[in-house]
There are 2 protein chains.
Amino acid sequence: MSNLGIGQLARRAGVAIDTVRYYERNDLLSPAGRLASGYRRYGEAELKRLRFIRRAKALGFTLEDIRGLLSLSDERSVARIKQAAEAKLADIDRRIDELERIREGLRTLVKACPGHGRAESCPILNALNAEDAP
Amino acid sequence: MSNLGIGQLARRAGVAIDTVRYYERNDLLSPAGRLASGYRRYGEAELKRLRFIRRAKALGFTLEDIRGLLSLSDERSVARIKQAAEAKLADIDRRIDELERIREGLRTLVKACPGHGRAESCPILNALNAEDAP
DNA sequence: CTTGACTCTGGACCACGGTCCAGACTTTAG
DNA sequence: CTAAAGTCTGGACCGTGGTCCAGAGTCAAG
């Protein structure tokens with residue numbers, strides 16, 4: 001059931017052709033076969049796999065993470081899939097926390113800034129110019 | 001008052017020497033002068049500016065943002081500084097929102113996954129394999 | 001003066017996730 | 001049949017923010 005060319009595959013998965021070849025170079029997705037001409041042929045399994053990659057990316061997994069997930073799903077190891085998802089969740093928590101710290105810092109400065117007057121009275125500039133390093 | 005070599009400057013600002021030169025290439029920081037030998041010399045103004053860059057980065061500004069901030073602070077335009085900070089705040093809000101969406105997706109999946117059993121019953125794999133594209 | 005530490009330049013290289021290109025070949029529609 | 005559309009390969013290039021290197025020259029301490 002290798003009925004798709006690379007262009008059809010890419011369109012149906014919503015990615016660029018070059019991206020498909022890039023994934024192949026990076027061991028994420030191989031064609032089901034090749035024509036005598038060298039043209040890649042893909043089937044439903046590859047389309048599913050490509051969509052899997054797209055969704056996992058949307059969930060914040062890196063391509064390396066996804067390589068791991070794909071090999072785990074091949075192994076059918078539910079426990080390890082869950083662990084990987086939990087680890088990624090913790091990672092995302094950390095990223096959110098860091099951004100929130102940055103946000104609070106900025107928010108405080110923006111609130112304190114009158115938006116006019118002399119540069120010396122701008123708390124944003126003053127904070128950036130402060131002598132004590134954050 | 002050009003009393004610092006590049007190494008001293010870097011140490012006192014807490015960055016790498018290469019980073020100082022990188023900033024110079026990217027129009028963020030120039031030496032106050034050069035010795036006849038070509039050695040860069042920096043003063044207090046450059047040290048402050050470098051620390052400004054470091055702090056602004058910690059607040060989530062890109063180097064391009066910082067170039068803008070530096071030129072604004074030269075202009076002493078408090079209103080525009082505040083606008084830039086507000087824009088960055090909105091940007092950080094958006095990044096947090098996106099990560100939170102991702103987090104909720106993952107959280108739901110992790111909660112629903114029993115952590116054992118057949119691969120077909122793993123909601124994480126099922127979501128990634130779903131026919132309907134997210 | 002010597003030695004070791006410092007600095008200079010230009011350019012290569014890293015991760016990340018692609019994107020784009022040329023030049024050749026193949027497939028498909030009409 | 002032809003012409004257009006699709007695909008092939010290998011490699012260059014993008015942005016972001018640096019890091020590292022070689023080979024040469026310089027500065028400071030003893």
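We name chains A, B, ... by the order of the sequence lines, and we start the count at 1 in each one.
Among the nucleotides D:dC8, C:dT7, C:dT19, the one closest to any side-chain atom of B:Ile17 is C:dT7. Counting only heavy atoms from C-beta on, A:Thr19 has its side chain closest to C:dT19 among C:dT19, D:dG17, D:dG18. Side-chain proximity of B:Arg25 to the nucleotides D:dT19, C:dT9, D:dG17 is greatest for D:dT19. Of the candidate nucleotides D:dG17, C:dG17, D:dT7, C:dG17 has the atom lying nearest to any side-chain atom of A:Lys57. Minimum atom distance to the side chain of B:Asp18 is reached by D:dT19, of the listed C:dT26, C:dC20, D:dT19. With distances taken from any side-chain atom of A:Tyr22 to the nucleotides D:dC8, D:dG18, C:dG18, the minimum falls on C:dG18. Among the nucleotides D:dT9, C:dG18, C:dT26, the one closest to any side-chain atom of A:Arg34 is D:dT9. Comparing D:dG18, C:dT27, C:dT7 against the side chain of A:Leu35 picks out C:dT27 as the nearest. Out of C:dT19, D:dC8, C:dT7, the shortest distance to the side chain of A:Ala16 is found at C:dT19.
Counting to the nearest Å, the P atom of D:dT16 and the CG atom of B:Asp91 are 13 Å from each other. Between B:Asn26 atom CG and D:dT19 atom P there is a gap of 13 Å when expressed in whole angstrom units. The separation between A:Leu63 atom CG and C:dT19 atom P is 11 Å, rounded to whole Å. Rounded to whole Å, atom C1' of D:dA5 lies 11 Å from atom CZ of A:Arg11. The interatomic distance linking A:Arg54 (CZ) with C:dG17 (C1') rounds to 16 Å, in whole Å. For B:Asp27 and D:dG18, the CG to C1' distance is 16 Å, given to the nearest whole Å. In this structure, B:Tyr42 places its OH atom 16 Å from P of C:dC6, rounding to the nearest Å. In this structure, the CZ atom of A:Arg21 is 11 Å from the C1' atom of D:dG10, given to the nearest Å.
Salt bridge status for B:Arg103 with B:Glu100: present, with a side-chain N to carboxylate O gap under 4.0 Å.
Between the side chain of B:Tyr39 and the base of C:dC6, a donor-acceptor pair under 3.5 Å is found.
Within the nucleic acid shown, B:Arg40 comes within 4.0 Å of sugar-phosphate atoms alone, with no base atom in reach, counting heavy atoms only.
The shortest heavy-atom contact between A:Arg95 and B:Leu99 is NH2-CD2, 3.8 Å.
No chain of hydrophobic side-chain contacts below 4.5 Å, direct or via other Ile, Leu, Val, Met, Phe, Trp or Tyr residues, connects B:Leu47 to B:Tyr39.
Side chain of A:Glu46 to backbone of A:Gly43: a donor-acceptor contact under 3.5 angstrom is found. In this structure a side-chain-to-backbone donor-acceptor pair under 3.5 Å is present from B:Asp65 to B:Thr62.
Judged by closest nucleotide on DNA chain D, B:Phe61 is the one of B:Ser37 and B:Phe61 placed further toward the 5' end.
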